[in-house]
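From a predicted model like this one, the values you see are computed outputs, not experimental measurements.
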Amino acid sequence: MHELGVVMEVVKNVEQIAKDNKLTKIHTLVLQIGELSSMIPRYIEACYPAAVDGTILENTKLEIEVLPGNAICKQCNNVFNIIKCDGKCSNCQEQSWELLCGKEFMIKEIIAC
């Protein structure tokens, strides 16, 4: 589970953002994770309490938005979900496509009070 190290880096970044913006309390941290990312949302949620212990994020709410793994077919330009369609275009069954999104891992929003 490499998620703990990644979440600890997120905490450092958020603490720096809070310091730079003179924030004293953060209510919610929103992360976006692509469904093709190596980050597993349930593991992020599981290690979050340990990663934020003793930090400005200690009593914050964590929200995770999962972004779809979408691709565009090189044959017919159809946009489809790679996982749901098993790597084949849902329109023409072509397996040649370009990835549009789904590998993201980013801080979307920091809600301060």
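In terms of modelled atom types and a separation under 3.5 Å, the side chain of N21 and the main chain of I17 share a donor-acceptor contact. Using modelled atom types, no side-chain atom of Q16 and backbone atom of V14 make a donor-acceptor pair closer than 3.5 Å.
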Exercise for review: Go through the steps for L62 and I44 under the test side chain to side chain contact (heavy atoms under 4.5 Å, CB included), then give the verdict.
Suggested key: CA-CA 9 Å; L62 173 65; I44 296 288; 4.1 Å; yes

Practice item. Might you work through the side chain to side chain contact (heavy atoms under 4.5 Å, CB included) test for Y48 and V10, ending with a clear yes or no? Key: CA-CA 10 Å; Y48 186 76; V10 168; over 6 Å; no

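Using a 4.5 Å heavy-atom threshold, the side chains of I72 and N78 count as separate. At least one side-chain heavy atom of C76 sits less than 4.5 Å from a side-chain heavy atom of C89.
Interatomic distance, CG of N70 versus CG of L100, reported as 6.5 Å (0.5 Å rounding). The NE2 atom of H2 lies 7.0 Å from the CD1 atom of I40; values are rounded to the nearest 0.5 Å. The NZ atom of K103 sits 9.0 Å away from the OG atom of S38 when rounded to the nearest 0.5 Å. Interatomic distance, CD1 of I33 versus CD of E3, reported as 8.0 Å (0.5 Å rounding).
Taking Ile, Leu, Val, Met, Phe, Trp and Tyr as members and joining any whose side-chain heavy atoms lie under 4.5 Å apart, directly or through other members, the hydrophobic cluster of L36 also contains F80, I82, I83, W97, L99.
At a threshold of 4.5 Å between side-chain heavy atoms, the hydrophobic network of Ile, Leu, Val, Met, Phe, Trp and Tyr places V6 and V66 in one connected group. Both L57 and I107 are assigned to one and the same hydrophobic cluster, defined by single-linkage of ILVMFWY side chains at heavy-atom distances under 4.5 Å. I64 and L67 are members of different hydrophobic clusters when ILVMFWY side chains are connected at heavy-atom separations under 4.5 Å. Connection of L23 to L31 is not established within any shared hydrophobic cluster, with ILVMFWY side chains joined at heavy-atom distances below 4.5 Å, either directly or through further cluster members.
Legend: residues meeting salt bridge (charged side-chain N to carboxylate O under 4.0 Å, His left out) with K61, ordered by chain and number and at least two apart, are E63. The side-chain hydrogen bond (donor to acceptor under 3.5 Å, both in side chains) check on E65 picks up Q32, K108, with sequence neighbours excluded. With sequence neighbours excluded, no residue satisfies salt bridge (charged side-chain N to carboxylate O under 4.0 Å, His left out) with K84. Scored by the side-chain hydrogen bond (donor to acceptor under 3.5 Å, both in side chains) test, S37 finds no partners at all (sequence neighbours excluded).
The number of heavy atoms from other shown groups lying within 6.0 Å of CD (E98) does not exceed 12.
Of the charged side-chain nitrogens involved, none lies within less than 4.0 Å of a carboxylate oxygen, so that E15 and K12 do not count as a salt-bridged pair.
Sorted pairs that involve residues 16-35 and meet salt bridge (charged side-chain N to carboxylate O under 4.0 Å, His left out), not counting sequence neighbours, are lacking altogether.
Contact record, A51 with V11: O-CG2, 3.9 Å, taken as the closest heavy-atom pair.
None of T28, I26, V30 except one satisfies the side chain to side chain contact (heavy atoms under 4.5 Å, CB included) rule with I110; the exception is I26.
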